[in-house]
2 protein chains.
Amino acid sequence: MDSQFLKKVGLKATLPRIKILEILESGGTARHMSAEDVYKALLEHGEDVGLATVYRVLTQFEQAGILTRHHFEGGQSVFEMDEGRHHDHILCTKCGRVDEFFDPTIEERQKAIADKFGYSMTDHSLYIYGICKDCRKKEKA
Amino acid sequence: MDSQFLKKVGLKATLPRIKILEILESGGTARHMSAEDVYKALLEHGEDVGLATVYRVLTQFEQAGILTRHHFEGGQSVFEMDEGRHHDHILCTKCGRVDEFFDPTIEERQKAIADKFGYSMTDHSLYIYGICKDCRKKEKA
DNA sequence: TAAACAAATGAGAATCTTTTGCATTGTTGT
DNA sequence: ACAACAATGCAAAAGATTCTCATTTGTTTA
Ligand SMILES: [Mn+2]
Ligand SMILES: [Mn+2]
Ligand SMILES: [Zn+2]
Ligand SMILES: [Zn+2]
């Protein structure tokens with residue numbers, strides 16, 4: 001149960017946290033959600049959770065290491081549940097579609113660059129922007 | 001003169017635009033500046049330009065293709081004059097130091113990934129975060 | 001070079017996203 | 001069930017950026 005999971009990561013099993021976890025786990029909505037997205041999803045499920053709590057809980061989940069925060073272009077932060085494996089993103093600037101990829105060569109080069117400049121790398125973010133196949137098809141029409 | 005340059009790119013040569021251009025060109029301050037940084041630099045030079053104008057002008061310069069806007073972590077946008085060659089950034093999360101690099105292998109892989117997923121790539125952003133050598137030295141002390 | 005007109009500016013209000021303060025409510029171990 | 005303390009909701013605050021609008025400035029024209 002989710003409440004067990006929350007306790008395991010050191011968080012009290014409160015209703016808001018359980019509900020937010022459910023929203024994020026159910027791939028029902030997109031895998032990549034903003035705080036506002038999560039908040040709206042909660043309202044649709046009839047849950048009465050404050051937006052401030054959504055922000056607080058997402059930040060706690062991030063600190064607990066169970067989700068990752070991304071900074072896609074366009075203002076707000078986007079969150080996604082972690083499933084262990086790191087990946088980067090390629091997104092369509094027309095329709096918002098998001099695809100995920102992992103490229104060992106790029107990962108390796110990044111580390112080499114950090115070394116070369118004398119940094120101990122702690123993190124990195126790579127976003128590729130473009131127009132997806134579907135959107136190009138529509139444009140031609 | 002800067003006013004000629006501004007006209008060349010299709011912008012009226014106004015005092016605020018000329019002054020902002022000077023600030024950005026004089027590597028005096030860091031190469032990577034936020035709107036607020038530019039605004040403060042103007043004030044220090046005794047220029048009386050509104051912050052709203054700084055934002056407007058930076059956006060216009062971006063659209064005119066003479067500078068690039070970056071989204072480093074930590075909220076505000078950062079701008080830098082273009083000098084033709086594209087590059088990515090590695091930055092220290094302790095002291096804010098920024099280094100620039102260009103890696104043909106990474107660039108190439110990115111294009112390959114976009115192709116593989118059926119996107120026509122329009123842009124990409126890569127930031128490597130870490131602790132620079134100087135900051136690691138201080139930490140040990 | 002002065003009038004004429006459109007474009008640009010400055011100041012502050014407005015917006016948008018995220019954070020914070022605080023009184024109230026909920027969770028947990030006993 | 002209860003005390004102890006953490007979490008929540010709401011509204012206010014904060015930080016970054018954009019917008020509104022009256023006023024000023026740059027450029028063109030006569
Ligand atoms: Mn993802
Ligand atoms: Mn740069
Ligand atoms: Zn698309
Ligand atoms: Zn440093």
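So that the names make sense, note that chain A is the first sequence line, chain B the second, and so on, each numbered from 1.
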| For Ala13(B) and Ser77(B), take the nucleotide of DNA chain D holding the closest heavy atom to each; which residue's nucleotide lies nearer the 5' end? | Ser77(B)
| query | CG of Leu58(B) versus C1' of dA16(D): gap in Å, rounded? | reply | 13 Å
| Protein-nucleotide distance (Tyr55(B), atom OH; dC19(D), atom P), rounded to Å | 13 Å
| Toward the 5' end of DNA chain D, by each residue's nearest nucleotide, Leu11(B) or Thr53(A) | Thr53(A)
| task | Round to a whole Å and report the spacing from NZ of Lys19(B) to P of dT25(D). | result | 15 Å
| request: Look at the side chain of Arg56(B) against the base of dG10(C) and say whether a donor-acceptor pair falls under 3.5 Å; ignore hydrogens and angles. | output: yes
| Starting at OH of Tyr39(B) and ending at C1' of dG12(C), how long is that distance when rounded to a whole Å? | 12 Å
| request: Using distance alone, with no hydrogens and no angle criterion, decide if Arg69(B) and Thr59(B) have a side-chain donor and acceptor under 3.5 Å apart. | output: yes
| said: Please report the distance, rounded to the nearest Å, between CZ in Phe61(A) and P in dA7(D). | reply: 12 Å
| message | Please tell me whether Phe79(B) and His70(B) form a close aromatic pair, meaning their ring centres lie under 6.0 Å apart. | response | no
| Nucleotide of dT17(D), dT8(D), dA8(C) approaching Pro16(A) most closely (side-chain heavy atoms) | dT8(D)
| query | Rounding to a whole Å, what distance do you find between Leu43(A):CG and dC10(D):C1'? | reply | 14 Å
| task | Could you tell me the separation between the CD atom of Gln60(B) and the P atom of dC19(D), rounded to a whole number of Å? | result | 12 Å
| message | Using the side-chain heavy atoms of Ala52(A), tell me which of these nucleotides is nearest: dT27(D), dT18(C), dC10(D). | response | dC10(D)
| Where the side chain of Asp82(B) meets the backbone of Gly84(B), is there a donor-acceptor pair that is under 3.5 Å apart? | no
| field | His45(A) and Glu22(A): side chain donor to acceptor below 3.5 Å | value | no
| How close or far is atom P of dT9(C) from atom CG of Leu15(B), stated in whole angstroms? | 9 Å
| query | Starting at the 5' end of DNA chain C, which residue's closest nucleotide do you reach first, Lys12(A) or Thr14(B)? | reply | Thr14(B)
| task | Please round to the nearest 0.5 Å and tell me the distance separating atom OH of Tyr39(A) and atom CD of Glu47(A). | result | 12.5 Å
